Engineer: 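Got a structure for you, questions after.
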Amino acid sequence: MGKLPVLVLNSGSSSIKFSIYEAGAGEPEKLLEGAVDGIGAAGLGSFWVKDASGEKIVNEAPELPNAATAFALVAEALNRDGFPHPAAIGHRMVCGGPTVTENQFLTPELIDEMERYTAFAPLHTPIAVFIMRQALKLFPGVPNFVCLDSYFHRNLPEVTRHLPIPPKYAGMGVRRFGAHGISYESIVHALEPNVPKRLIVAHLGNGASISAVKDGSGVETSMGLTPTGGIISGTRTGDIDPGVLIFILRDLLASGRSGDEAADLLEKAASKQSGLLGVSELTNDMRGLREAIGSGNAKARLAVDEFVYAIRKFIGAYIAVLGGLDMLVFTGGIGENDSASRAEICAGLECFGIQVDAERNNCLGEAVISAEGSPVTVRVIPPAEDLIIVNHVRRLLDGSGK
Ligand code: ADP
């Protein structure tokens with residue numbers, strides 16, 4: 001296959017990130033990247049594009065009342081002269097439901113099928129399927145492909161994939177899918193050909209999850225049916241006694257709300273108003289929390305303590321799952337940039353052979369942060385999700401794999 005530009009689209013609840021890579025025989029090369037941010041927030045819209053050297057070639061502050069306006073800007077820019085026109089498009093999708101579990105060619109029917117399972121990733125699926133339909137419309141004749149986060153977790157053993165619920169709901173597709181799979185794939189890819197036998201990866205961003213990886217394959221992951229499960233994260237509860245959700249639901253119903261309204265508010269409480277934001281009553285942003293901790297804010301301290309403690313417990317559990325540990329990798333915005341979180345998480349894990357060197361931990365970007373002679377290697381590796389999507393698209397295009 002010759003060289004061809006592949007557009008990667010990765011949408012969040014208020015942003016659309018995109019990049020174009022030149023895919024060829026070797027490792028793909030980034031041609032440009034950009035984002036439209038602040039969708040639905042009056043006066044806060046931004047649209048930027050950087051070229052391969054990192055220079056901003058577009059920097060605008062448009063009004064972005066909705067996702068349609070935002071995506072139209074991206075499509076218009078990519079159709080301008082001087083911009084690489086995509087020959088294929090790869091879409092990141094958190095979860096396609098129980099029937100769409102493989103990365104594949106995107107059709108309108110496939111989008112409809114994945115949309116049936118919006119409840120399995122309620123913050124991500126609505127905008128992702130919207131962007132997919134827009135891409136089919138605005139880039140006619142360009143092949144589109146879907147790349148799933150859940151793909152990395154496709155080989156989870158039954159004991160963790162299956163959830164202890166009535167069979168009726170298991171039959172409706174309710175099970176552990178996990179998320180951040182493309183990030184996990186990118187970490188395994190970065191470690192190749194020396195992927196350690198027993199690996200734990202902590203993807204700590206606005207959403208946070210942790211995975212146990214054996215011989216390069218995901219065997220356990222903290223997020224469950226939806227990305228709300230697992231570790232407490234920016235605005236999400238993480239794992240919680242179901243009784244708490246039932247208590248909140250009954251409280252909402254007691255104030256005269258309809259069942260649908262109560263379910264929507266419960267979803268909002270669990271996924272948008274909890275986590276670091278809910279505990280700190282301040283922010284879900286780790287930088288803001290660290291600043292508040294610095295000025296003695298006890299709620300911010302408690303929020304970060306709950307976060308760190310949950311991750312430490314998961315690491316202990318996953319060492320049991322893997323029967324020991326060779327390497328621990330931190331990734332995601334917090335995992336990459338917040339040395340204090342890394343130090344706090346690893347403090348107390350020395351008994352498992354995890355020894356972090358304080359000076360090495362003071363790094364920016366990719367680094368080995370474990371002490372000389374530490375039985376477990378501890379590393380920081382930024383995720384490269386777009387690169388993984390391009391590789392999947394290239395394999396799907398030339399029929400050499402998924
Ligand atoms: P998303 O899940 O939205 O992709 P990111 O991976 O970008 O999130 O991570 C966002 C988180 O990373 C935020 O909590 C942010 O505060 C944190 N973060 C980013 N840069 C830093 C930094 N320099 N120090 C501490 N935390 C940081």
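One-based numbering, in listed order, for ligands and for the atoms of each. All values derive from a computational prediction rather than experimental measurement.
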Engineer: Does Glu29 have more than 12 heavy atoms from other residues, nucleotides or ligands lying within 6.0 Å of its CD?
Structural biologist: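 Atom CD in Glu29 is not crowded, with 12 or fewer foreign heavy atoms closer than 6.0 Å.
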
Engineer: Return the option from Arg287, Lys17, Glu385 holding the heavy atom at the smallest distance from atom 15 (C) of ligand 1.
Structural biologist: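 Considering heavy atoms of Arg287, Lys17, Glu385, the nearest to atom 15 (C) of ligand 1 sits in Arg287.
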
Engineer: Going by distance only, is there an N or O of His203 that falls short of 3.5 Å from an N or O of ligand 1?
Structural biologist: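 It does not: no N or O of His203 is found under 3.5 Å from an N or O of ligand 1.
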
Engineer: Compute the minimum heavy-atom distance from Gly234 to ligand 1 and say whether it is under 4.0 Å.
Structural biologist: no

Engineer: To check your reading of the model: name the closest protein heavy atom to atom 10 (C) of ligand 1, its residue, and the distance in Å.
Structural biologist: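 Result: Asn206 N, 3.7 Å.
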
Engineer: Using a strict cut-off of less than 4.0 Å between a Lys/Arg side-chain nitrogen and an Asp/Glu carboxylate oxygen, indicate whether Glu344 and Arg301 qualify as a salt bridge.
Structural biologist: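 Yes.
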
Engineer: Honestly, is Arg133 close enough over Phe130, meaning NZ or CZ under 6.0 Å from the six-membered ring centre and within 45° of the axis?
Structural biologist: no

Engineer: May I ask you to identify the nearest protein heavy atom to atom 23 (N) of ligand 1, giving residue, atom name and distance to one decimal place in Å?
Structural biologist: Asn337 CB, 3.4 Å

Engineer: Considering only heavy atoms of Gly207, which atoms of ligand 1 have at least one such atom less than 4.0 Å away?
Structural biologist: 2 (O)

Engineer: Looking at every non-hydrogen atom in both residues, tell me the closest pair between Arg92 and Ile389 and how far apart they are.
Structural biologist: CB-CD1, 3.8 Å

Engineer: Quick check with a 6.0 Å cut-off and a 45 degree axis cone: is Arg312 positioned over the face of Tyr309's six-membered ring?
Structural biologist: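 Ring-cation test returns no.
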
Engineer: Regarding Glu267 and Lys272, does a basic nitrogen lie under 4.0 Å from an acidic carboxylate oxygen?
Structural biologist: no

Engineer: Should Gly205 be counted as touching ligand 1, given the test is an N or O pair under 3.5 Å?
Structural biologist: no

Engineer: Count the heavy atoms of every other residue, nucleotide or ligand shown that sit under 6.0 Å from CZ of Arg250, and state whether that count exceeds 12.
Structural biologist: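 Counting neighbours around CZ of Arg250, 12 or fewer heavy atoms of other residues, nucleotides or ligands fall under 6.0 Å, so no.
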
Engineer: Determine whether more than 12 heavy atoms belonging to other residues, nucleotides or ligands lie under 6.0 Å from atom CG of Asp241.
Structural biologist: yes

Engineer: Looking only at distances, can you tell me whether any N or O atom of Asp285, backbone or side chain, sits closer than 3.5 Å to an N or O atom of ligand 1?
Structural biologist: yes

Engineer: Among all protein heavy atoms, pick out the one at the shortest distance from atom 11 (C) of ligand 1; state its residue, atom name and that distance to 0.1 Å.
Structural biologist: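 Going by distance alone, atom 11 (C) of ligand 1 is nearest to Ile334 CG1, 3.7 Å.
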
Engineer: Could you identify the single nearest non-hydrogen protein atom to atom 13 (C) of ligand 1 and state the distance to 0.1 Å?
Structural biologist: Met286 N, 4.0 Å

Engineer: Identify the protein heavy atom lying closest to atom 6 (O) of ligand 1, giving its residue, its atom name and the separation to 0.1 Å.
Structural biologist: Gly333 N, 2.9 Å

